[in-house]
Protein chains: 2
Amino acid sequence: MNLSLSHSSKKEDLSAYSKAKRDRIVKAALETFLQYGYKGTSMNRVAERAGVIKQTIYSHFNDKEGLFVAIIESLTLEHFRGQFGERIASPEAPETVLRKIAEVFADRQKDKSYIALMRTVVGESSRFPELARLYVNTVIKPGMKILTDYFDAHPELNIKDPEACARIFCGSLVSYIMTQEILYGKEILPFRMERLADNLIELILRRSSKRN
Amino acid sequence: MNLSLSHSSKKEDLSAYSKAKRDRIVKAALETFLQYGYKGTSMNRVAERAGVIKQTIYSHFNDKEGLFVAIIESLTLEHFRGQFGERIASPEAPETVLRKIAEVFADRQKDKSYIALMRTVVGESSRFPELARLYVNTVIKPGMKILTDYFDAHPELNIKDPEACARIFCGSLVSYIMTQEILYGKEILPFRMERLADNLIELILRRSSKRN
DNA sequence: GACAATTCATACCGTGCGGTATGATAATAG
DNA sequence: CTATTATCATACCGCACGGTATGAATTGTC
């Protein structure tokens, strides 16, 4: 189980015909793994969904685990690039910056494939710890660093512990998504994310917000 | 799939002999399900681990899903009772109260069976939404209510939005456990929970802490 | 001690799994 | 056009799965 990011193995030097097949397999496998989990996904299903014969999968990937790992690589690299840092570069007011970051989480909350990804990453973290580490390295770590750096670069905010503050900010929002969306808490404990974000921003900036 | 809490079906009117068998099955099934997930757990394994023949399982439970549901019921009812409210009743300083609550999370972080439970609840939340709802109702909802009520009962703390504040407090700590423990973030982004708790408490009480 | 209920050991059933073999068909490279 | 490579369709292998059948041994009840 080698989830290294560098040598994506075969992917170059393939005919367009072959590459198209490979892409369809990756896409079908991604959807299926995210929907049913690793053990719940059968190679037959993936082949059927990809409109491909099972042998074609085994000509591109060694085995089921190899396919799973390749899928995860493609996922994290594809989905989580930039998206976070872009919204923070502008020289706007801190309230605005933090609110824009909160919007990133709001977008994730609505993204079913992201919800499915979190379910899978957490659910398979025991059997595929490398998947969890990959997620931490490519999603959590960069995201946390951007926010920490922002707090560091703005001493006028009087943030005593920027890293702890970044963890509180992101953690509250992640946990909100976890409870409300992944665990269906929105049916049981309804709560608007905007209200959470308002209170979070007010706490961190130590100001009073205009809303209740 | 009926995860109602009331009628735990058969469990009464069983001979001690029979009940002992049933308990061994439940215990073995719990361990196995938490370790390998639903799809990854075979009835043969459970039987072997329980030191029981497979038919004995099927004489106590209808099928695999019925066993899984019964296990979850026993789990949530057994593990998460009180534990949270007890530590908050005392008329101590708010710092102390909040720190004691943070200790509950610190204990959970060290509890491998709790980590395994969270992995399973999240990982199976797509295939077993009732399990997720049960967790929200028996763990998250009561815990959140206790903290919300505490904030409500102490207006001198100047908490504008007690419920939002409770979500921030618990959410930060839950997310910390998720990242550090479940996703192995402690190897990648080491961070002491005490430091997080200090900053959280300081933010919420709007005071300066004595530590760094 | 007798009788009913439960658990035992063992074997079995059908099914779907991961993965492979074979030989025909279609696409690419020279 | 030819040779090679990749994908096709189909069938197969061994295995582990969820779940059941049968009959002997063990347990609780009276």
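Residue numbers start from 1 in every chain, and the chains themselves are labelled A, B, ... in the order their sequence lines are given, proteins ahead of strands.
- A donor-acceptor contact under 3.5 Å links the side chain of B/Gln55 to the base of D/dA21.
- Comparing A/Val52 and B/Arg45 by the nucleotide of DNA chain D that holds the closest heavy atom to each, the one mapping nearer the 5' end is A/Val52.
- For B/Ser59, counting side-chain heavy atoms from C-beta on, the closest listed nucleotide (D/dC17, D/dC8, C/dT7) is C/dT7.
- With rounding to whole Å, B/Asn62 atom CG is found 9 Å from D/dT20 atom P.
- When heavy atoms are screened at a 4.0 angstrom cut-off, B/Gly40 is found touching no nucleic acid atom at all.
- Under the 30°/60° scheme for interplanar angles, the aromatic rings of B/Phe128 and B/Phe68 are found to be tilted.
- Between the CG atom of B/Asp63 and the P atom of C/dG14 there is a distance of 21 Å, rounded to whole Å.
- Rounding to whole angstrom units, NE2 of residue A/His60 and P of C/dT20 are separated by 16 Å.
- Side-chain contact between B/Arg167 and A/Leu189: present, with at least one pair of heavy atoms (C-beta onward) separated by less than 4.5 Å.
- Relative to the ring axis of A/Tyr38, A/Lys64 places its NZ or CZ within 45° and under 6.0 Å from the centre.
- Residues A/Leu67 and A/Asn62 fail the side-chain proximity criterion, which asks for heavy atoms closer than 4.5 Å.
- Distances shorter than 4.0 Å separate none of the side-chain N or O atoms of A/Asn44 from OP1 or OP2 on C/dG16.
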Evaluation steps, side chain to side chain contact (heavy atoms under 4.5 Å, CB included), between B/Ile177 and B/Leu173: CA-CA 6 Å; B/Ile177 294 177; B/Leu173 294 170; 5.7 Å; no

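- Within 3.5 Å, a donor on the side chain of A/Lys54 pairs with an acceptor on the base of C/dG19, or the reverse.
- Ranking C/dT7, D/dG18, D/dC8 by closeness to the B/Met43 side chain, first place goes to D/dG18.
- Remark: C1' of D/dG18 and CD1 of B/Ile53 are 15 Å apart, rounded to the nearest angstrom.
- For the pair B/Tyr58 OH and C/dC12 P, the computed distance is 19 Å after rounding to whole Å.
- Regarding contacts with the backbone of D/dC8, a side-chain N or O of A/Lys21 is found under 4.0 angstrom from either OP1 or OP2.
- At whole-Å resolution of the value, CD1 in B/Ile57 and C1' in D/dT20 are 14 Å apart.
- If you take NZ of A/Lys64 and P of C/dC17, they are 9 Å apart, rounded to a whole angstrom.
- If you take CD of A/Glu48 and P of D/dC8, they are 14 Å apart, rounded to a whole angstrom.
- If you check D/dT7, C/dT7, D/dG19 against the side chain of B/Thr56, the one that comes closest is C/dT7.
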